[in-house]
Amino acid sequence: VSQSRYVFMMTFITGQVFHLFLYREFLMVEHPFWLLFFMFFAGLSFGQLGLITAFWAKTFDQLSAISTFVILPLTYLGGVFISIDHLPEFWRSVSMVNPLFYFINGLRFSVLGQSDVPVQTAAFVALLVCGGMFLIARRVLNSVTFTRW
């Protein structure tokens, strides 16, 4: 937990330095509550995904396949680098069923005050995804047989 705090702090400081260099002002958070909400539930969801993946994967290749073939495409289709308005209609529709799209837009709303979807919709989807990941992680952990060393 403490390592992720340092990663967050370094990312935040780096972003502030770049924003200060480009715009001569610090980037202020528009909605701190929503920022904490989406950071907490996104972190919890990714932690549960990591737990699920760790118990599913038998090799390092399977472990890296989740990152390469699941998380990376969802990130690109989630609107991290460009707005989904710039995507063709088919990929825009695919993005609307992407859970990362809602996490990203929730964080975008909390920092910038604007989003492609209403923040309440993003929060609802974040809660659904987190709850679904919890149920899957719980099922995976219940099915694992632990052996004594």
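Cluster membership check: Met28 does not share its hydrophobic cluster with Leu107, using side-chain heavy-atom separations under 4.5 Å among Ile, Leu, Val, Met, Phe, Trp and Tyr. In the hydrophobic clustering of ILVMFWY residues, with side-chain heavy atoms under 4.5 Å counting as a link, Phe90 and Tyr76 come out together. Phe134 and Ile52 fall into different hydrophobic clusters, where Ile, Leu, Val, Met, Phe, Trp and Tyr residues are linked whenever their side-chain heavy atoms come under 4.5 Å apart, directly or through other members. Linking ILVMFWY side-chain heavy atoms closer than 4.5 Å, directly or via other members, places Leu20 and Phe12 in two distinct hydrophobic clusters.
With a 4.5 Å cut-off on side-chain heavy atoms, Leu112 and Glu30 do not count as touching. Between Val140 and Leu51, every side-chain heavy-atom pair lies at or beyond the 4.5 Å cut-off. Phe46 places a side-chain heavy atom less than 4.5 Å from the side chain of Leu100. Taking the side chain as every heavy atom from C-beta outward, Leu44 and Met133 never approach each other to under 4.5 Å. Residues Asp116 and Phe101 are in side-chain contact: their nearest non-hydrogen atoms beyond the backbone lie under 4.5 Å apart. Proximity of Tyr102 to Val117: side-chain heavy atoms (C-beta onward) are separated by under 4.5 Å at one or more points. In this structure the side chain of Leu135 never reaches within 4.5 angstrom of the side chain of Arg139, judged on heavy atoms.
When the ring-ring contact (aromatic ring centres under 6.0 Å, His included) test is applied to Phe37, the partners found at least two apart in sequence or on another chain are Trp34, Phe41. Trp91 pairs by the side-chain contact (heavy atoms from CB on, under 4.5 Å) definition with Leu77, Leu87, Pro88, Val94, not counting sequence neighbours. With sequence neighbours left out, Ser115 forms a side chain to side chain donor-acceptor pair (under 3.5 Å) with Asn105. For Phe103, there are no ring-ring contact (aromatic ring centres under 6.0 Å, His included) partners two or more places apart in sequence or in a different chain.
Proximity of a side-chain donor or acceptor of His31 to a complementary backbone N or O of Gly113 within less than 3.5 Å is not detected.
Pairs passing the salt bridge (charged side-chain N to carboxylate O under 4.0 Å, His left out) check and including a residue from residues 82-97, sequence neighbours excluded, read Glu89-Arg92.
Annotation: the span from Leu49 atom CG to Cys130 atom SG amounts to 11.5 Å, rounded to 0.5 Å.
Other cluster members for Leu22: Phe21, Tyr23, joined by side-chain heavy-atom distances under 4.5 Å among Ile, Leu, Val, Met, Phe, Trp and Tyr.
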